[in-house]
Protein chains: 2
Amino acid sequence: METRPAPEATAEPADGGPSALRRTLHQRGLRMTPQRQLVLDAVRDLGHATPEQICTRVQSAAPAVNITTVYRTLDLLERIGLVRHTHLGHGAPTYSEQEHQHVHLVCHSCGKVTESPTDLMDGLAARLLAESDFVLDPSHVALSGRCRGCRDEEEEQS
Amino acid sequence: METRPAPEATAEPADGGPSALRRTLHQRGLRMTPQRQLVLDAVRDLGHATPEQICTRVQSAAPAVNITTVYRTLDLLERIGLVRHTHLGHGAPTYSEQEHQHVHLVCHSCGKVTESPTDLMDGLAARLLAESDFVLDPSHVALSGRCRGCRDEEEEQS
DNA sequence: CTATCTGCAAATCTTTTGCAACGGA
DNA sequence: TCCGTTGCAAAAGATTTGCAGATAG
């Protein structure tokens, strides 16, 4: 886990930079605080991370921030649509930017998480709609399986 | 949540009825106990259920069984290949028979779980293998989206 | 100023572990 | 009898809640 001071290179998607958070909060009568900015930065920075990982990251910039605040803030950021959480298969949910629409591929052998574009699911989504009247949300849940590396290892042993 | 006394209509897949559990356990030097049969019955009976739901079901037949035993037994049944767990998207994993290979469709609006045959995923599995060298395990993780009922409701309101 | 936020501590909830007693083979 | 298994209680880990003080607007 690195400790550098939160690069902002990719921190500004088309629809909003740092002050966009302030605006979004104010629209709903909520307040801008350093903690909220730090949590959002951490989520963007880490890609997809558990509340605890996010907390660690935040604390590397502001050690006084409590994990309670991280939980509350993630919940809030999700309610106002800035982040979303995904269930990667094990216990902890992971949070990422709302805009980052991708499918998670989780190897249940080594735990590695890969991302693929959501259009991978287009065919499946169409079939689900036709056959089961089900509108798929491709980025919410991860697909489980075995990655290349683990497959190779297994083959070597047999 | 119902409390009827555990129908056994679907409790005997081709490869093994009640005494198959005893045999499978003995093969590995493990012992047959009433608790283990009850937990396995509950898993088969409930289709896919959380440890707590399984425990409630088991206790309706044998109130003294402790939830600790349910956790340990599910773990054991999974290790010996009789049940498997699936992450339905919320917190708790759910357990079902190993043989029940199906894709779970979870509506994140009403929480309803539908099952579809795994061959729904065949096309996706092939693409993942080709494009990402990833071997998909279709029954381990649920797909999230919105079911017919909830979609209709939403449309009515707009 | 005032209502929203935060930090801290304690409460909850879920799952795991240690240990003595129980019971299957 | 012997050793795997169980129940109980307590531990451990994750998330939530209550409350008094801090602070954004």
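Just so we're on the same page: letters track the sequence lines, and every chain starts at 1.
You'll find that the side chain of His26(A) is closest to dG25(D), out of dG25(D), dT6(C), dG7(D). Here dT2(C) is the nucleotide among dG7(C), dT6(C), dT2(C) with the atom lying nearest to any side-chain atom of Arg31(A).
The interatomic distance linking Leu25(B) (CG) with dC3(D) (C1') rounds to 15 Å, in whole Å. Atom CZ of Arg79(A) is separated from atom P of dC5(C) by 10 Å (rounded to the nearest Å). Whole-Å rounding puts the Gln37(B) CD to dT5(D) P distance at 15 Å. With rounding to whole Å, Arg23(A) atom CZ is found 18 Å from dG25(D) atom C1'. Rounded to a whole Å, the CZ atom of Arg28(B) is 13 Å from the P atom of dT5(D). Taking atom CD1 of residue Ile80(A) and atom C1' of nucleotide dT4(C), one finds them 14 Å apart after rounding to whole Å. Leu30(A) places its CG atom 15 Å from the C1' atom of dT6(C), with the value rounded to the nearest Å. In this structure, Tyr71(A) atom OH and dC8(C) atom P are separated by 16 Å, rounded to whole Å.
Note on Gln35(B): every side-chain N or O is 4.0 Å or more away from OP1 and OP2 of dG23(C). A close approach under 4.0 Å does not occur between any side-chain nitrogen or oxygen of Asn66(B) and OP1 or OP2 of dT6(D).
No engagement by Ile67(B) is indicated, since no non-hydrogen atom pair under 4.0 Å with the nucleic acid exists. Residue contacts shown for Arg72(B) include a base, since a base heavy atom lies under 4.0 Å away. Backbone-only contact: Thr33(A) has heavy atoms under 4.0 Å from sugar-phosphate atoms and none from a base.
No donor-acceptor distance shorter than 3.5 angstrom exists from the side chain of Arg22(A) to the backbone of Arg31(A), with no hydrogens or angles considered.
Within the structure, the ring-ring contact (aromatic ring centres under 6.0 Å, His included) test picks out no pair touching residues 19-45 of chain A (sequence neighbours left out).
Taking the six-membered ring where tryptophan is involved, the planes of His85(A) and Tyr95(A) are tilted, since the angle between them lies from 30° to 60°.
Under the 4.0 Å criterion applied to side-chain N and carboxylate O atoms, Asp137(B) and Arg84(B) are assigned as salt-bridge partners.
Take the nearest nucleotide of DNA chain C for Asp75(B) and for Thr73(A): the residue whose nucleotide is more 5' is Thr73(A). For Thr68(A) and Glu52(A), each mapped to the nucleotide of DNA chain D holding its nearest heavy atom, the one lying further toward the 5' end belongs to Glu52(A).
Side chains of Leu143(A) and His104(A) form no contact here, defined as non-hydrogen atoms less than 4.5 Å apart.
A donor and an acceptor atom never sit less than 3.5 Å apart when one is taken from the side chain of Arg22(A) and the other from the base of dG25(D).
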